2 protein chains.
Amino acid sequence: MLELRLVQGSLLKKVLESIKDLVSDANFDCSSTGFSLQAMDSSHVALVSLLLRSEGFEHYRCDRNLSMGMNLGNMSKMLKCAGNDDIITIKADDGSDTVTFMFENPSQDKIADFEMKLMDIDSEHLGIPDAKYHSIVTMPSDEFSRICKDLSSIGDTVVISVRKEGVKFSTTGDIGTANVVLRQNTTVDNPEDAIVIEMNEPVSLSFALRYINSFTKATPLSETVTISLSSELPVVVEYKVAEMGYIRYYLAPKLEEEVDSNY
Amino acid sequence: MLELRLVQGSLLKKVLESIKDLVSDANFDCSSTGFSLQAMDSSHVALVSLLLRSEGFEHYRCDRNLSMGMNLGNMSKMLKCAGNDDIITIKADDGSDTVTFMFENPSQDKIADFEMKLMDIDSEHLGIPDAKYHSIVTMPSDEFSRICKDLSSIGDTVVISVRKEGVKFSTTGDIGTANVVLRQNTTVDNPEDAIVIEMNEPVSLSFALRYINSFTKATPLSETVTISLSSELPVVVEYKVAEMGYIRYYLAPKLEEEVDSNY
DNA sequence: TGCTAGTGGT
DNA sequence: ACCACTAGCA
């Protein structure tokens with residue numbers, strides 16, 4: 001028996017909007033710890049890792065570990081039927097091949113429940129080692145989104161370089177080149193507006209903007225984004241989910257050979 | 001060496017949005033006077049003339065006259081990457097075949113530079129004689145835009161007639177006819193809302209709405225628009241660009257024969 | 001190509 | 001809080 005009651009249902013709606021374009025089907029794993037998901041994108045290049053800790057739910061009952069395979073497109077369709085202020089409850093009976101989403105509106109005069117078929121998905125659950133990163137950049141998520149969107153109108157690959165002075169996003173395309181430089185800025189009215197650059201070692205890595213732009217679908221979830229970079233390691237783009245967890249996106253850098261192969 | 005610093009960068013963004021649908025490639029001419037452009041539209045029917053006077057720039061350095069051929073679509077793509085509050089600087093080195101657009105955001109923690117290839121464009125720079133017009137109508141630009149958009153859902157040609165009583169916009173199409181009459185109105189709270197009709201001689205001329213509707217892309221640049229009409233002369237549709245210049249569109253009237261040939 | 005929904009600016 | 005514009009969909 002599984003019953004997870006999330007007061008701020010809009011979080012789950014946003015989480016699905018943040019994942020569904022990247023991953024079509026995935027297993028949600030429920031344990032006493034929380035509600036989580038780990039999946040590769042359809043082209044097997046990027047990895048998404050979601051965690052919603054049990055403490056974040058108003059009510060969290062998970063009798064035994066459960067892995068529920070869902071089509072994220074269908075799940076998103078159903079969650080779109082929840083109002084942004086609705087309380088969402090996820091329910092599954094033991095041994096059932098369905099999951100139920102229940103939506104209660106704030107005035108408590110409407111209760112909707114949507115039942116969805118589960119599917120069998122074989123997932124390779126990758127252990128993600130906790131690495132020490134060369135550089136970690138924290139910045140307003142909308143600014144990161146804007147920069148990546150802007151650059152993708154010029155080129156298809158972004159080079160992210162972190163130096164002591166700041167972080168530079170660069171691209172090259174048919175019509176020209178573009179460089180956006182951000183320097184650390186912690187003297188802001190609102191701490192969410194800060195640009196914090198934690199550079200242990202300078203780093204410069206290339207990534208396909210196509211994937212990065214998919215990651216920025218999570219922008220509505222958090223005011224800030226954290227980008228962790230190390231040479232030869234996948235970049236981690238992390239958005240916190242309120243006080244209850246995170247979405248992390250992993251993407252391997254393009255190797256120099258591949259970058260040069262743009263000829 | 002060329003370096004033009006425009007504090008209100010949104011002006012340049014709007015200027016490009018106002019031109020790029022009409023003209024695909026054009027030379028920007030820089031002199032000590034200012035930054036200007038003159039170009040025919042791709043079908044060689046309408047003419048655009050832009051002037052941004054040097055005094056309007058915070059910093060204006062133009063060592064010698066320079067004509068820079070640009071693809072306006074690509075230039076517009078790059079300017080879209082500037083925020084509306086950004087300061088835009090246009091730079092070009094002598095003899096360089098590129099131009100650089102630099103964007104600084106208000107909080108000065110982000111600097112972007114975009115480099116674009118210049119192109120060779122042979123332009124016939126037409127001298128536009130300063131004519132005396134039979135009638136000059138000044139009105140709110142959004143009202144002019146709305147009228148032309150409305151009329152183009154009925155017909156494809158607008159007849160603009162100025163009499164002492166006012167100005168009339170008329171069209172005819174398969175489904176019927178439409179007439180919009182504006183009378184002079186200077187008793188308004190806001191001078192920008194005034195409709196001023198300066199009629200020296202009555203005039204009635206026909207124009208292709210397709211072009212006029214392209215002209216109204218400049219509506220965001222100015223609250224008011226000025227339409228100058230004379231028989232047998234191209235109409236001039238002018239939008240002021242802040243305190244620093246103007247965009248003027250010229251379009252020859254349809255001759256009566258051509259109007260009748262719509263059968 | 002027109003509409004509608006979402007977002008950003010006033 | 002409203003309106004206008006843009007982008008995505010039918």
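Every chain is numbered from 1, with letters handed out A, B, ... down the list of sequences. Please read these numbers as outputs of a predicted model, since none were measured by experiment.
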Separation of atom [atom1] in [X] from atom [atom2] in [N], rounded to whole Å:
{"X": "B/L221", "N": "D/dC5", "atom1": "CG", "atom2": "C1'", "value": "15 Å"}
{"X": "A/K149", "N": "D/dG8", "atom1": "NZ", "atom2": "P", "value": "9 Å"}
{"X": "B/D86", "N": "C/dG8", "atom1": "CG", "atom2": "P", "value": "16 Å"}
{"X": "B/E17", "N": "D/dA4", "atom1": "CD", "atom2": "C1'", "value": "15 Å"}
{"X": "A/K217", "N": "D/dG8", "atom1": "NZ", "atom2": "P", "value": "9 Å"}
{"X": "B/N84", "N": "D/dA4", "atom1": "CG", "atom2": "P", "value": "17 Å"}
{"X": "A/N213", "N": "D/dA7", "atom1": "CG", "atom2": "C1'", "value": "15 Å"}
{"X": "B/K80", "N": "C/dG8", "atom1": "NZ", "atom2": "P", "value": "16 Å"}

Those residues at least two apart in sequence (or on a different chain) that pass side-chain hydrogen bond (donor to acceptor under 3.5 Å, both in side chains) with A/S49 are none

Going by the side chain to side chain contact (heavy atoms under 4.5 Å, CB included) test, name the single residue among B/T219, B/T224, B/I195 that passes it with B/P140.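 Of the listed options, the one satisfying the test is B/I195.
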
TODO: Just jot down the side chain to side chain contact (heavy atoms under 4.5 Å, CB included) partners of A/A82, sequence neighbours excluded, or say none.
DONE: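 For A/A82, the residues satisfying side chain to side chain contact (heavy atoms under 4.5 Å, CB included) (neighbours in sequence not counted) are A/K13, A/D86, A/I88, A/F103.
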
Going from OG on A/S228 to CZ on A/R248, what distance comes out if it is rounded to the nearest 0.5 angstrom?
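It is 8.5 Å, given to the nearest 0.5 Å.
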
